[in-house]
4 protein chains.
Amino acid sequence: MMLVTINQHGKIPIFRQLIQEIKMKIASGELSPGDKLPSIRELAVYLSLNPNTVMKSYRELEREGLVKTKMGKGVFVSENLNESTINQLKKNILFQKIDEMVNTAKMLNIKKQEIIEEINKRY
Amino acid sequence: MMLVTINQHGKIPIFRQLIQEIKMKIASGELSPGDKLPSIRELAVYLSLNPNTVMKSYRELEREGLVKTKMGKGVFVSENLNESTINQLKKNILFQKIDEMVNTAKMLNIKKQEIIEEINKRY
Amino acid sequence: MMLVTINQHGKIPIFRQLIQEIKMKIASGELSPGDKLPSIRELAVYLSLNPNTVMKSYRELEREGLVKTKMGKGVFVSENLNESTINQLKKNILFQKIDEMVNTAKMLNIKKQEIIEEINKRY
Amino acid sequence: MMLVTINQHGKIPIFRQLIQEIKMKIASGELSPGDKLPSIRELAVYLSLNPNTVMKSYRELEREGLVKTKMGKGVFVSENLNESTINQLKKNILFQKIDEMVNTAKMLNIKKQEIIEEINKRY
DNA sequence: GTGGTCTAGACCACA
DNA sequence: GTGGTCTAGACCACT
C-alpha cells in the first residue's frame, strides 16, 4: 500500500481526508473485499500521523460498514461488499459531486452547454 | 436583502457558509459593486447568529478583496470589481466544482458519457 | 488651503489623520498664528468627509490649545503660539518618532551606524 | 516564554500589540523557526487576556506567514523562514520607522544633522 | 447607527 | 491538551 496523500494544512480534517481516500480505493476496486488494510501503527508512521487519527478514520469506516476489524489480526475490507453495493458506493460519491456542481452552475446562471464544454477540456 | 440559508448543524462552519452565500450573490450579479451589505447587527438578527460570526465572514470577504469596509458607514461590495473580475470569480467557483467532480470520476473509472447523462437528468 | 491627504481605508482613524496633518502644518510654519482654518463644511466637502469628523478634529486641536474657535467667524490658529512653543511642538512630534525608531533598533540589535547609513540614504 | 508587555489602555488594540511583540521576537531571533509559541490558553492566562484575543493575534501572524498552526498540536514559528527572510523582516520593521521619522523631519524642515544628534543622545 | 475590540465561557474537533 | 467555532453581550470609536 498505499499511495495516500494527506494535506496536513488544508481546511479538511486529516481523518476525513483519510476516510475519503480509503473509500475511493474501495469504490475504484483498488481495495477488494477481504483485503487487509495497513495496521494503524504502520499507516500512522507512513503518513506521519498520530495513531489516534488513523484509528478514528478506521472507526468511521467500520461504522459505515466498509471495513471490519478482526481482533488481533487487523482491519479488512468487509467481505460482504458485493459488486452491487460497491457500485452504489461509487455512484453516491460521484452523484454528490455532480449535484453540488450542477446546483452551483444553476445559481450562477451558467448554461449546461458550457459545463459540458469544460468537462470535455478536462476529460 | 437577502435570502440566505444557513445550516446550523452541518459540518461546514456557519461563517464559511455565509461567505459562500455572499460570494455567490456577487458572482451571480445579485449584489453589484458599490452595493451595501446588510449591517453586521442586522444580518445577525435576521439569521439568528451572533454579530461576531457575521463579522468574521465579512472580514474574510474583505481579505479576499470582494468587499470593502467603510468605518461607521457599513460594508460594501468592492467598487473595483469590474465585469471581467466578476466573470473570473464565477468561473473559479464553478471550475473548482467541475475539477473535483471530474477527478473523482476518473479515479472511479467512470466514463465521461455517464457523467453527462447524469448532468442531463439534473439540468 | 490645503493639500491634505486622508487615507480612508487605513488603520488610523480619519479624524486622527486630520489632526496630525494640521498639527504638522502649524509646526512647519505653513499655518501661522492667526491664520484661519477652512470652515468645517468647506473642508468636509473638500475631503469628502462627514462634517462631524472634521469637527471632532478641530475640537481636539482646540483642546490641545493649538486652535481657537471664534464664534460666528471660524476657527483660527491660536494667536498665543509664540516661536518657542511652536518649536517645542516640532520637537515633540519628531522626538516621538526618533524614540520609537531607536527603541526598535535596540530591540533588533541593529547598530547605530547602520541606522545612520539608512538615514543618509533617505535624507 | 516570554516577557511580553501589553498596555491594556493604550490606543493600540491589544491584539495588535501582541502581534508586534511576537514579530519582534522572531525578527530578533528570540524565537526561531520551528519553535512552539505558547498555547492560546496558556498565553491568555499569562497575560490576563481572553483566549479569543490571543487567537486573533496568532491568526494574523499566520496570515502573514510567520507562524503555522498544526491542529491539535499548537502554533509554531514557520519552518520556512530562513535567515535571509528574517533579516528582511528585521529591515522592514526598522525601515518603516526610519521612513516615518525622516518624512516627519523633512516636513518640519529639521536638518539631518539635528536628527543624528538626537539619535546620539539616545543610542 | 456603523464597525471594532474585548471578555467570559461553552462546546466541538483534532491529534 | 490543542486549536476552532460560536454565543452573549459590554463598551468603544467612527461617521
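Numbered from 1 within each chain, the chains take letters A, B, ... in sequence-line order. Every heavy atom of this structure was used, including side-chain atoms; hydrogens, water molecules and symmetry mates were not.
The footprint of chain C on DNA chain F, defined by a heavy-atom cutoff below 4.0 Å, extends from F:dC14 to F:dT15.
For the side chain to side chain donor-acceptor pair (under 3.5 Å) condition, the pairs that include at least one residue of residues 71-83 of chain D, sequence neighbours left out, are D:N82-D:T85. The salt bridge (Lys or Arg N to Asp or Glu O under 4.0 Å) pairs that include a residue from residues 41-58 of chain A number zero, where partners must be two or more places apart or lie in different chains.
D:N50 comes within 4.0 angstrom of a nucleotide base, judged by non-hydrogen atoms across all strands. Nucleic acid contact for C:L49: none, since no nucleic acid atom lies under 4.0 Å from a heavy atom of the residue. Across all strands shown, B:K56 has heavy atoms under 4.0 Å from sugar-phosphate atoms exclusively, and none from any base.
Scanning for side chain to side chain donor-acceptor pair (under 3.5 Å) contacts around A:E64 gives A:K23, with sequence neighbours left out. With sequence neighbours excluded, the residues that form a side chain to side chain contact (heavy atoms under 4.5 Å, CB included) with B:I12 are B:R16, B:Q17. With sequence neighbours left out, the side chain to side chain donor-acceptor pair (under 3.5 Å) criterion links D:D99 to C:R122. Evaluation of the side chain to side chain donor-acceptor pair (under 3.5 Å) rule for A:Q20 yields no partner, not counting sequence neighbours. When the side chain to side chain donor-acceptor pair (under 3.5 Å) test is applied to D:K68, no partner is found at least two apart in sequence or on another chain.
Nearest-nucleotide positions on DNA chain E place B:M71 closer to the 5' end than the other of A:I14 and B:M71. In terms of position along DNA chain E, the nucleotide closest to B:T69 lies nearer the 5' end than the nucleotide closest to the other residue of the pair D:K73 and B:T69. Where B:R41 and D:R59 meet DNA chain F, the nucleotide closest to each residue was compared, and D:R59 sits on the side nearer the 5' end. Nearest-nucleotide positions on DNA chain F for C:T53 and B:R16 put B:R16 closer to the 5' end.
Distance B:I12 CD1 to E:dA13 P: 14 Å, rounded to the nearest Å.
Side-chain atoms of C:K90 come within 3.5 Å of backbone atoms of D:L108 as a donor-acceptor pair (strictly under, hydrogens ignored).
Taking the charged nitrogens against the carboxylate oxygens, A:E60 and A:R63 do have a contact shorter than 4.0 Å, which makes a salt bridge.
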Intra- and interstrand pairs of DNA chain E - dot-bracket, Watson-Crick/G-U under 3.5 Å, | marks other strand = ||||||||||||||.
